[in-house]
Amino acid sequence: MTESYQPHDIEVKWQRKWEESQLYRSQVDWSKPKHYALTMLPYPSGDLHIGHWFAMTPSDARARWMRMKGYNVLFPMGFDAFGLPAEQAAISRNIHPWKWTYANIERMREQLRSMGAMFDWEREAISCTPEYYKWSEWFFKKFYENGVAYRGSALVNWSETLQTVLANEQVIDGKDERTGQPVVHKMMEQWFFAITKYADELLNFEPLDWPESIKIMQTNWIGRSEGARATFHTEVGGYPIEIYTTRPDTLWGATFMVLAPEHDLVQTITTDKQRAAVESYVEQTALETEIERMVEDREKTGVFTGAYAINPVNEERIPIWIADYVMITYGTGAIMAVPAHDQRDFEFARAQDLPVRVVIQPAEADEPLHGDTMKEAYVGPGAMVNSDAMDGSDSAWAKGRKNPAINRVIDWLEETGKGEEAVNYRLRDWLISRQRYWGSPIPMMFDDGKVIPVADEDLPVELPEDVDFAPTGRSPLTYHEPFFKVDEKLRRETDTLDTFMCSSWYQLRYLSPDCDTAPFDAEEAAYWLPVDVYTGGAEHAVMHLLYTRFFTKALRDIGIFDETAEAMRRHGRDPDCAFDEPMTVLRNQGQVLGGERQGDFVLCSGAQIGGKLLADRVEVVGWNDVPAGFDGVFGEIAHRTENVLHVDMAGITQFVEVQPDAEIIIPDIPGANNVNQLRHHLEIQRMSKSKGNVVNPDELVAEYGADAVRCYLMFNFDWQKGGPWNESNIKGPQGWLRDVWEIAAAGAPAGAGDPDAERDIERKLHQAIAVINRGLEEFSFNTAIAEQMKFKNSLKAALRQGGIGAETWREVMNQLVRLLAPFAPHVAEEIWARLGWEYSVHTQPWPQYDAEKAREDMVDLVIMINGKPRETIAVAVDIERERAQELALASGAAQRFLKGAAPKRAIFIPGRNGSDPKVNIVP
RNA sequence: GCCUCCGUAGCUCAGGGGUAGAGCGCUCCCUUGGUAAGGGCGAGGUCAUGAGUUCAAAUCUCAUCGGAGGCUCCA
């Protein structure tokens, strides 16, 4: 073993060997504890991104570590292969989605192999294959049969850009989550999953070890609130209007009602006199996008319907308005407005000159509140007033029944039949239909509006290949007669399933991807389920991660896991609670961001008009290379919007508007230049092709080797945080691997060694094992690698000093290579082989931490005066209080500060887990 | 506006009531038969700011400032 470290030769060699020897084949073995490690499957977009490496290789290292610790580990990989990009490729490049997707998968498989991960490819699952989506369809049918899937009419999010409806979770700030384009509300009949049935169970995170932030986001998303429902009736016609409120204690303060413009009753109750105004307002609202409707501090608008309602609590006659600040999608789409105690109602009342009546009077106010003089709604505690028999009830800060006033009012509402306690959720049912081609078909047929499920034996309903993909607002399948026309009467559903449905159960398909009699094999499931550790991005907090929890619970209730539970019992495993949650532990990796980029340094000349320079000449020059006497604007381009440059001129931003016919000189870019070629300063931000700061993992592997890339990603970031890319830092891990290689290549030392030095290296080894274990356990990969580097440095120093004998060297190397194996699997395997040990290092047991060996003999006793360290004395590790205090008081530092006087106190702090013992003397 | 997390060396990050740490980078020296490299020595920090608790605060508490993410007419 003499040649230098050449990663490429060894990496491909071992990847082949591992595959040939089926090293990572994982099979059920009830004699061993199982560990199902799962990392989110990629969408086959065409190229593996550095983000995939960042997500997957640390997870791989941890899975490998679990395996060496004696677990039977399943670490599968697959593709979430349905979705819009494939369809867009079909439209723009005339490639069939199937072909496009498959070519990408082929390519990505190869790229994934270059990671050297321990994926068991025999378990690969691809969601767009008929073998897979047969079961997506089958699950849909089961949901339908059990009332979990239903067809309903609702106001849904429609994306003009994507020409399809979207689930609420896929709309952020009124914009489609993928393209950032606005969505509008449309009334449509669609398929839904009844996720709201599980709202309460989904709020229970007790069985889960998940990041706090994800649990909070899901909790907020579900948005449970407690209150009451009450029914108002219109004065004319007696139509019931149900309202939901979290403040039933303010019912007596309702001075008007507001319906969402989309509310069913609007047409019915509007008086002829108001009809024109109401209809025009409804129309205007319908045209608004969600974004427009969500603008903050927007003036409240609305129109009176001409109708009145009777408040059931006091028989009062109050006007009914419509306004777009009331959402049809929340609660009942109608509210009682209590302007004195709700800020939105207050703003509306002031804008429309409606009365404000105080019904909660704060106790410690200087002057009682009065509706005419209030500047804002009062939402704090107080006593109920103007509320008939309820007057005097104590309304506290607490919500729901915990608030005495609310509690009393709810009891009264229920006794008198005027209302009832109610819980409301922000969460809506999951809209699952998509007007797209490239998704799993929905196995349903219609016969004159009657819904008929496709028979099980006819599954899967396969996607036809010869379709026209042009987006028309309807699924391309609507134009494919052989698909939708089953016979003269029967018509097939032509919408497809949201791809999030396919990824809600993929963890089950990995168990037995070839099973054609069931979605998964019960024997496999009995052993492997649930997923023990799940890793992936936090961006799926309220989409995939909420859906898959719901999916699992629904499957459990439908009885899909009954056979699995039976198998568990046969093998002596308790199935209780095993199917409540899909993934026990969840950890999110952060994001690898692009590196910083300097903006061009420019000289701009032209006419200064108003606050800006109208430039007719812009020249890119060297940094700070300003000719003497230059009187225009010069500096770094901090930002550019179209032709307006924000130039940072010695810390002050100058605005430069580049004229259309301006001369632009960029020496690096030959020929005529235009304003778009001027580069502005880039803060550290997401990598994207448009920003030109993407990092290609294939090139990195070619340059540094997969092991160095793996280790760099694990070492240079806090995995759960992510951070900016800085390629020069890859030298650290690279140098570490080369050093380990060279220590191994140098062979066993010839000298006899020194017992003290050998004891010391053994101690450091065991200290390192402890830190590495903790790092892997806690997903702190960076600390685990830093510790290995430290240990390598210690070993190198000891070897240089000739302190290590051949026997100790072999023992230490044996342990060191095993410690290296999960992080840098290829080089570890190569060194292991070259040192003559049996294939494979990856099937070796993980080094056992020995606290006795890690223990220090001598430590420094720190002598502190008033908490400030002043002196140290070498003492035995197990020094006792009295002896330590004695030594401390006798020390030079103590003598100097005490000057013979007796100390006020002398506090002994024993050394524990690695820290030195201390004595603090207070003179 | 509300919620969560975070401010430690030039950079990326550990630590966390009891001596301020790692890797990279940097300085200087050595090597010039590992060479678009190797070895050695070293410098660098009021632990965001201010107050409080304590014998002792980077660490705990509160406030302020700064950063990241999420929610937001939710009745």
Side-chain angles (χ1 to χ4, degrees), chain A residues 3-4 172-173 211-221 223-225 227 243-247 250 258 293-298 300 323-327 329-338 342-345 347-348 424-427 538-539 541-542 588 590-591 596 712 715-726 728-736 738-739 742 771 775 780 782-790 793 796-797 800 860-872 903-912 914-923:
Chain A
E3 70 267 50
S4 61
I172 294 166
D173 290 340
E212 214 50 43
S213 59
I214 300 286
K215 294 192 281 189
I216 288 163
M217 280 192 256
Q218 292 202 348
T219 304
N220 290 344
W221 188 262
R224 182 190 150 99
S225 76
I243 59 110
Y244 168 78
T245 178
T246 55
R247 295 294 304 274
T250 63
V258 185
R293 217 165 144 168
M294 279 171 46
V295 172
E296 271 179 65
D297 302 328
R298 183 167 181 253
K300 295 227 167 2
D324 65 1
Y325 82 91
V326 173
M327 305 288 158
T329 49
Y330 186 76
T332 60
I335 61 157
M336 60 144 181
V338 185
D342 181 284
Q343 186 59 25
R344 297 153 298 177
D345 297 345
E347 284 164 19
F348 190 73
N424 196 43
Y425 301 92
R426 202 184 86 106
L427 180 72
E539 65 273 16
V542 294
N588 298 123
Q591 233 173 11
E596 210 164 356
Y712 164 70
F715 172 68
N716 212 56
F717 302 86
D718 173 342
W719 186 71
Q720 295 182 71
K721 266 197 234 158
W725 181 259
N726 181 354
S728 64
N729 282 353
I730 204 167
K731 281 186 198 160
Q734 197 187 19
W736 164 51
R738 193 176 42 224
D739 276 356
E742 280 168 9
V771 174
S780 248
N782 50 350
T783 59
I785 291 188
E787 186 65 20
Q788 300 216 40
M789 290 177 173
K790 266 167 79 176
N793 289 344
K796 207 167 149 181
R800 196 168 47 239
D860 285 341
L861 175 69
V862 181
I863 295 146
M864 302 195 291
I865 313 292
N866 262 339
K868 296 248 182 301
R870 299 289 181 187
E871 195 177 318
T872 59
K904 232 183 251 164
R905 305 172 72 168
I907 300 144
F908 174 68
I909 307 104
R912 56 191 140 78
S915 84
D916 291 330
K918 290 150 201 96
V919 175
N920 188 19
I921 295 169
V922 184

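Note that these values count all heavy atoms, side chains included, but never hydrogens, waters or copies made by symmetry. Here is how names work: the chains are called A, B, and so on, in the same order as the sequence lines, proteins then strands, and each is numbered from 1.
- A:Ala786 meets the side chain to side chain contact (heavy atoms under 4.5 Å, CB included) test with A:Phe715; sequence neighbours excluded.
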**Message:** Strictly under 4.0 angstrom, non-hydrogen atoms only: write out the protein contact profile of nucleotides 23-28 of chain B, one letter per nucleotide from the 5' end, B, S or -.
**Reply:** SSS---
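- A:Tyr244 is linked by a side-chain hydrogen bond (donor to acceptor under 3.5 Å, both in side chains) to A:Ser225, counting only residues two or more places apart in sequence or in another chain.
- We find that CE of A:Met327 is positioned 8 Å from P of B:C74, with the value rounded to whole Å.
- One can place CG of A:Asn424 at 9 Å from C1' of B:A75, the figure rounded to the nearest angstrom.
- Comparing B:A14, B:G39, B:U72 by their nearest atom to the side chain of A:Asp739 picks out B:G39.
- Distance CD (A:Glu347) to C1' (B:U72): 14 Å, rounded to an integer number of Å.
- Whole-Å rounding puts the A:Phe908 CZ to B:A56 C1' distance at 16 Å.
- Rounded to whole Å, the distance from OH on A:Tyr325 to C1' on B:A75 is 8 Å.
- Considering only side-chain atoms of A:Arg344, the nucleotide from B:C73, B:G38, B:C55 that sits closest is B:C73.
- Among the nucleotides B:A37, B:A75, B:C13, the one closest to any side-chain atom of A:Tyr330 is B:A75.
- Heavy atoms of A:Lys215 sit nowhere under 4.0 angstrom from any nucleic acid atom.
- With a 4.5 Å cut-off on side-chain heavy atoms, A:Thr250 and A:Met336 count as touching.
- A sub-4.0 Å separation between OP1 or OP2 of B:A37 and a side-chain N or O of A:Arg738 is absent.
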Pairs: protein N or O with nucleotides 2-10 of chain B N or O, under 3.5 Å:
none

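- Base contact: A:Lys300 has a heavy atom under 4.0 Å from a base atom.
- Nearer to the 5' terminus of RNA chain B, by closest-nucleotide assignment, is the contact made by A:Asp718 (compared with the other of A:Ala334 and A:Asp718).
- Every residue meeting the side-chain hydrogen bond (donor to acceptor under 3.5 Å, both in side chains) condition with A:Asp342, not counting sequence neighbours, appears here in chain and number order: A:Arg344.
- Between the CZ atom of A:Arg224 and the C1' atom of B:A75 there is a distance of 16 Å, rounded to whole Å.
- In this structure A:Phe348 satisfies the ring-ring contact (aromatic ring centres under 6.0 Å, His included) test together with A:Phe256, A:Trp321, A:Tyr325, sequence neighbours excluded.
- Partners of A:Ala334 by side chain to side chain contact (heavy atoms under 4.5 Å, CB included), not counting sequence neighbours, listed by chain and number: A:Ile241, A:Ile243, A:Leu259, A:His263, A:Thr332.
- Comparing the same atom, C1', in B:A63 and in B:U27 gives a spacing of 42 Å after rounding to whole Å.
- Comparing the C1' positions of B:A56 and B:G10 gives an interatomic distance of 32 Å, to the nearest angstrom.
- If you take CD1 of A:Ile730 and P of B:U12, they are 17 Å apart, rounded to a whole angstrom.
- Residues that satisfy the side chain to side chain contact (heavy atoms under 4.5 Å, CB included) test with A:Lys215, not counting sequence neighbours, are A:Phe205, A:Trp210, A:Glu212.
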**Item:** Structure string for RNA chain B in dot-bracket form, Watson-Crick and G-U at under 3.5 Å, | interchain
**Value:** (((((((..((((....[..)))).(.(((.......))).).....(((((..]....))))))))))))....
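- Nucleotides B:A58 and B:G21 have their C1' atoms positioned 12 Å apart, rounded to a whole Å.
- Within the structure, a side-chain polar atom (N or O) of A:Arg426 is placed less than 4.0 Å from OP1 or OP2 of B:U72.
- Side chains of A:Val338 and A:Arg247 form no contact here, defined as non-hydrogen atoms less than 4.5 Å apart.
- Residue A:Gly722 is in sugar-phosphate contact alone, with no base atom involved, counting any heavy-atom pair closer than 4.0 Å across all strands shown.
- With its glycosidic angle within 90° of 0, B:G44 adopts the syn conformation.
- Between A:Tyr244 and the phosphate of B:A75, there is no side-chain N or O to OP1/OP2 separation shorter than 4.0 Å.
- At a threshold of 4.0 angstrom between heavy atoms, the contacts of A:Asn782 are confined to the sugar-phosphate backbone, with no base atom among them.
- Across the C1' atoms, B:G45 and B:G40 are found 25 Å apart, a figure rounded to whole Å.
- B:G1 and B:U64 have their P atoms separated by 12 Å, with the value rounded to a whole Å.
- Every residue two or more places apart in sequence or in another chain that forms a salt bridge (charged side-chain N to carboxylate O under 4.0 Å, His left out) with A:Arg224 is listed here: A:Asp200, A:Glu226.
- Residue A:Trp736 contributes atom CH2, which lies 18 Å from atom P of B:A22 at whole-angstrom precision.
- Note: A:Ile214 CD1 to A:Trp221 CH2 = 13.5 Å, rounded to the nearest 0.5 Å.
- Taking atom C1' on both B:A22 and B:A14, the two are 7 Å apart, rounded to the nearest angstrom.
- Considering all non-hydrogen atoms of both residues, A:Ile865 and A:Asn920 come closest at C-OD1, 3.8 Å.
- Residues meeting the side-chain hydrogen bond (donor to acceptor under 3.5 Å, both in side chains) test with A:Gln720, sequence neighbours left out: none.
- Comparing B:U49 with B:A9, their P atoms sit 11 Å apart, to the nearest whole Å.
- When every heavy atom of A:Met217 is checked against every heavy atom of A:Val542, the shortest pair comes out as O-CG1, 3.7 Å.
- For A:Asp739, the side-chain hydrogen bond (donor to acceptor under 3.5 Å, both in side chains) partners at least two apart in sequence or on another chain are A:Lys792, A:Lys796.
- For A:Asn920 and B:C55, a side-chain-to-base donor-acceptor distance below 3.5 Å is present, hydrogens and geometry of angles not being considered.
- Comparing the P positions of B:C55 and B:C41 gives an interatomic distance of 43 Å, to the nearest angstrom.
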